[in-house]
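The residues of the chain are indexed from 1 along the displayed sequence. Being a predicted model, the structure only gives us computed values, none of them experimental.
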Amino acid sequence: DAAAGEAIKKLHTFEPQEISNMLWSYATIGHFFSPELFEAAAGEAMEKIDSFKPQETCNTLWSLAVKDYNVESAIPLLNHVINLHESNQLVLSIAEQVQLHQVLLWVSRERKQKSPIPDDLANKCLSAFIGNPSNPSQLEKEVVSVFRSLGFEVRDEGICKQTGYSIDAIVTTKSGNEIAVEVDGPTHFVGPVPTGARVLKRRQLDNLGETPLLSLPY
């Protein structure tokens with residue numbers, strides 16, 4: 001559209017934070033109105049990578065993972081993370097460590113690329129990811145109650161061993177097979193569209209989880 005076209009023309013004037021915020025905003029709401037703008041912004045990020053701070057780097061990487069963008073574009077950003085790490089300039093919040101873990105799942109597990117991130121940093125991000133569980137909502141409790149009333153065996157709040165994601169419930173079918181159940185409440189959508197965080201979790205559980213995934217929208 002016209003707004004995207006104007007933004008593309010002015011991208012060269014954007015600071016790293018502005019580029020990162022734009023990519024993150026697109027990814028967070030799960031909308032990619034202009035693929036051309038996203039691609040141009042990702043390209044501009046590569047040009048200015050040395051000026052990106054840790055938060056800006058993690059937000060940009062996470063946005064690429066949500067979009068399932070060209071994975072090769074993530075490698076320079078990951079190398080930038082390593083440079084910051086080795087120079088003791090890498091200070092990551094828990095949220096940024098969580099983002100980086102999801103990015104590493106995308107790069108090394110979904111796209112099967114060798115990650116340059118050292119094991120100590122990757123393990124730190126995994127620990128932050130697993131240690132950041134969510135509390136079950138009332139809707140989740142009601143769904144679990146319904147499954148149990150139908151005679152299914154249900155385990156509340158499991159952990160996917162392959163990814164570290166928390167799972168709302170593990171339901172055992174009458175034939176003995178297990179199904180991972182995710183309950184998508186209103187906060188997981190922007191209008192009818194799932195948020196970027198939900199899109200990423202669904203995709204990575206689908207691609208990497210050890211059990212089939214059943215997503216139940218509210």
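- Minimum heavy-atom separation, P116 to L78: CG-CB, 3.8 Å.
- Minimum interatomic distance between V66 and A27 (heavy atoms only, all atoms of both residues): CG1-O, 3.9 Å.
- Within a 6.0 Å sphere centred on NZ of K48, other residues, nucleotides and ligands contribute more than 12 heavy atoms.
- Contact of the K124 side chain with the D120 side chain is not registered, since no non-hydrogen atoms from C-beta on lie closer than 4.5 Å.
- Applying the salt bridge (charged side-chain N to carboxylate O under 4.0 Å, His left out) test to residues at least two apart or on different chains, none of the pairs has a partner in residues 73-89.
- Annotation: side chain of S63 is not in contact with side chain of Y26 (no heavy-atom distance under 4.5 Å).
- With sequence neighbours excluded, no residue forms a salt bridge (Lys or Arg N to Asp or Glu O under 4.0 Å) with R109.
- In this structure, L208 is not a member of the same hydrophobic cluster as V199, with clusters built from ILVMFWY side-chain heavy atoms closer than 4.5 Å.
- Clustering ILVMFWY residues whenever any of their side-chain heavy atoms sit less than 4.5 angstrom apart, transitively, puts L100 in the very cluster that holds V71.
- Atom CG of L126 sits about 4.0 Å away from atom CD1 of I130, to the nearest 0.5 Å.
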*Start with the C-alpha gap between L64 and L77, add the side-chain angles, then the distance that decides, and say whether side-chain contact (heavy atoms from CB on, under 4.5 Å) holds.*
CA-CA 11 Å; L64 299 178; L77 285 161; 3.8 Å; yes
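- Of the inter-residue distances, the one linking N123 atom CG with I117 atom CD1 reads 12.0 Å to the nearest 0.5 angstrom.
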*Under the side-chain contact (heavy atoms from CB on, under 4.5 Å) criterion, do D50 and N83 qualify, and how do the steps go?*
CA-CA 10 Å; D50 290 339; N83 292 337; 5.8 Å; no
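- In the hydrophobic clustering of ILVMFWY residues, with side-chain heavy atoms under 4.5 Å counting as a link, V146 and V183 come out together.
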*asked:* Working note: Y218 + H188, criterion side-chain contact (heavy atoms from CB on, under 4.5 Å); need CA distance, chi angles, decisive distance, verdict.
replied: CA-CA 9 Å; Y218 74 103; H188 297 143; over 6 Å; no
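- For the pair I179 and I170, the minimum side-chain heavy-atom distance is 4.5 Å or more.
- Sorted by first and then second residue, the salt bridge (charged side-chain N to carboxylate O under 4.0 Å, His left out) pairs involving residues 199-218 (not counting sequence neighbours) are E110-R203, E182-K201, D184-R202.
- Put simply, CG on L37 and CD on E44 are 11.5 Å apart, with the number rounded to the nearest 0.5 Å.
- Minimum heavy-atom separation, I82 to P118: CG1-CD, 4.1 Å.
- For CD of E72, the number of neighbouring non-hydrogen atoms (other residues, nucleotides, ligands) closer than 6.0 Å is 12 at most.
- Panel note: side chain T173, backbone N177; a donor-acceptor pair is recorded below 3.5 Å.
- L105 and V98 fall within a single hydrophobic cluster, where Ile, Leu, Val, Met, Phe, Trp and Tyr side chains are chained together by heavy-atom contacts under 4.5 Å.
- E140 CD to D168 CG: the interatomic distance, rounded to the nearest 0.5 Å, is 3.5 Å.
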_Using side-chain contact (heavy atoms from CB on, under 4.5 Å), reason through T195 and I29 one step at a time and then give a plain yes or no._
CA-CA 5 Å; T195 62; I29 63 174; over 6 Å; no
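- L11 and A41 make their closest contact through CD1-N, 3.6 Å (heavy atoms, listed as atom of the first residue, atom of the second, distance).
- Rounding to the nearest 0.5 Å places CD of E142 at 12.0 Å from OG of S149.
- By the rule that hydrophobic residues join a cluster once side-chain heavy atoms approach within less than 4.5 Å of another member, V103 and L84 end up as members of one cluster.
- Closest non-hydrogen pair, W106 versus L61, comes out as CZ3-O, 4.4 Å.
- In terms of modelled atom types and a separation under 3.5 Å, the side chain of H101 and the main chain of C125 share no donor-acceptor contact.
- There is a side-chain donor-acceptor pair under 3.5 Å between Q102 and W62.
- With sequence neighbours excluded, the residues forming a salt bridge (Lys or Arg N to Asp or Glu O under 4.0 Å) with K9 are E6, listed by chain and number.
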Distance-only donor-acceptor hits, side chain of residues 150-164, under 3.5 Å, sequence neighbours excluded:
unit_1, atom_1, unit_2, atom_2, d
R155, NH1, E178, OE2, 2.9
D156, OD1, R148, NH2, 3.1
T163, OG1, Y165, N, 3.2

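- When all heavy atoms are compared, the tightest approach of E96 to L92 is OE1-CA, 3.4 Å.
- Note: Q99 CD to I94 CD1 = 12.0 Å, rounded to the nearest 0.5 Å.
- S145 places no side-chain N or O within 3.5 Å of a backbone atom of K141 that could act as its donor or acceptor partner.
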Taking distance alone, no hydrogens or angles, what donor-acceptor pairs closer than 3.5 Å link side-chain atoms of residues 15-23 to residues at least two apart or in another chain?
unit_1, atom_1, unit_2, atom_2, d
E18, OE1, E15, N, 2.7
S20, OG, E56, O, 3.2
N21, ND2, Q17, O, 3.4

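- Side-chain contact between Q97 and F129: absent, with no pair of heavy atoms (C-beta onward) separated by less than 4.5 Å.
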